[in-house]
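FYI, the numbering just counts along the sequence from 1.
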Amino acid sequence: MAEKLLEKVKFKTVEEKPCEVTYSVQVPPEVVQHHEKDVADNIQRNALLPGFRQGKAPMNVVLQKFSDDIKSEALKKLLTDTCTMILEKN
């Protein structure tokens with residue numbers, strides 16, 4: 001599924017210099033949401049929150065408690081996946 005979503009990412013070469021290339025990348029919102037959901041699911045499975053057994057905390061509690069972590073991890077994963085895809089295509 002992630003590969004199909006990454007196909008929706010649009011990129012173009014903006015500038016090429018010797019040993020340096022600059023790309024412009026457009027990532028659709030559904031790709032970002034998919035990565036955020038994956039990260040949130042992973043955190044939910046492993047989170048130890050007071051009052052809940054491991055992996056049993058409701059998603060809304062996980063989203064409230066770990067929203068910054070979810071966004072940063074999703075961005076990191078998205079950048080890694082997108083850069084890998086661009087480099088493989090070129």
Side-chain angles (χ1 to χ4, degrees):
M1 173 101 180
E3 293 81 25
K4 288 184 180 182
L5 285 173
L6 284 177
E7 290 173 3
K8 295 180 180 183
V9 173
K10 297 177 184 172
F11 67 93
K12 64 180 178 180
T13 305
V14 176
E15 187 177 352
E16 260 186 271
K17 296 178 183 177
C19 299
E20 185 178 321
V21 179
T22 304
Y23 292 104
S24 170
V25 181
Q26 290 181 326
V27 180
E30 63 265 13
V31 176
V32 176
Q33 291 168 352
H34 175 76
H35 278 75
E36 286 179 345
K37 184 181 180 323
D38 282 350
V39 171
D41 288 344
N42 189 31
I43 289 175
Q44 182 184 28
R45 280 191 296 275
N46 298 309
L48 290 171
L49 294 170
F52 300 101
R53 290 179 290 151
Q54 182 176 1
K56 301 299 181 183
M59 183 57 81
N60 62 342
V61 174
V62 172
L63 292 173
Q64 182 180 14
K65 186 89 170 161
F66 298 104
S67 64
D68 291 338
D69 295 331
I70 291 169
K71 288 178 184 176
S72 66
E73 279 298 313
L75 179 61
K76 188 169 140 182
K77 185 173 177 352
L78 183 63
L79 286 171
T80 303
D81 292 349
T82 304
C83 289
T84 303
M85 179 202 63
I86 291 171
L87 292 173
E88 285 176 355
K89 287 189 176 183
N90 290 332

Residue pairs fulfilling salt bridge (charged side-chain N to carboxylate O under 4.0 Å, His left out) with at least one residue in residues 50-65, sequence neighbours excluded
none
If you measure from CG on L49 to CZ on F66, what distance do you get to the nearest 0.5 Å?
4.5 Å
Partner of V31 under side chain to side chain contact (heavy atoms under 4.5 Å, CB included), picked from H34, H35, Q33, is H35
Shared hydrophobic cluster, V9 / L75 (ILVMFWY, side-chain heavy atoms < 4.5 Å):
no
The reported gap from CD1 in I43 to CD1 in I70 (rounded to nearest 0.5 angstrom) is 4.5 Å
Do K37 and D41 pass the salt bridge (charged side-chain N to carboxylate O under 4.0 Å, His left out) test, and can you show the C-alpha distance, the side-chain angles, and the key distance before you say yes or no?
CA-CA 6 Å; K37 184 181 180 323; D41 288 344; 2.9 Å; yes
Which heavy atom of V62 sits nearest to which heavy atom of A40, and what is that distance?
CG1-O, 4.2 Å
Shortest non-hydrogen contact from K76 to T80?
O-OG1, 2.9 Å
Side-chain (T82) to main-chain (L79) donor-acceptor, under 3.5 angstrom:
no
Main-chain N/O of P58 paired with Q44 side-chain donor or acceptor, under 3.5 Å
no
Starting from V61, can I reach V39 by hopping between I/L/V/M/F/W/Y residues whose side chains sit under 4.5 Å apart?
yes
Linking I/L/V/M/F/W/Y whenever any side-chain heavy atoms sit under 4.5 Å apart, do Y23 and V32 land together?
yes
Side chain to side chain contact (heavy atoms under 4.5 Å, CB included), paired with V25, selected from V14, L78, I86:
I86
Around atom CG of D68, are there more than 12 heavy atoms of other residues, nucleotides or ligands at under 6.0 Å?
no
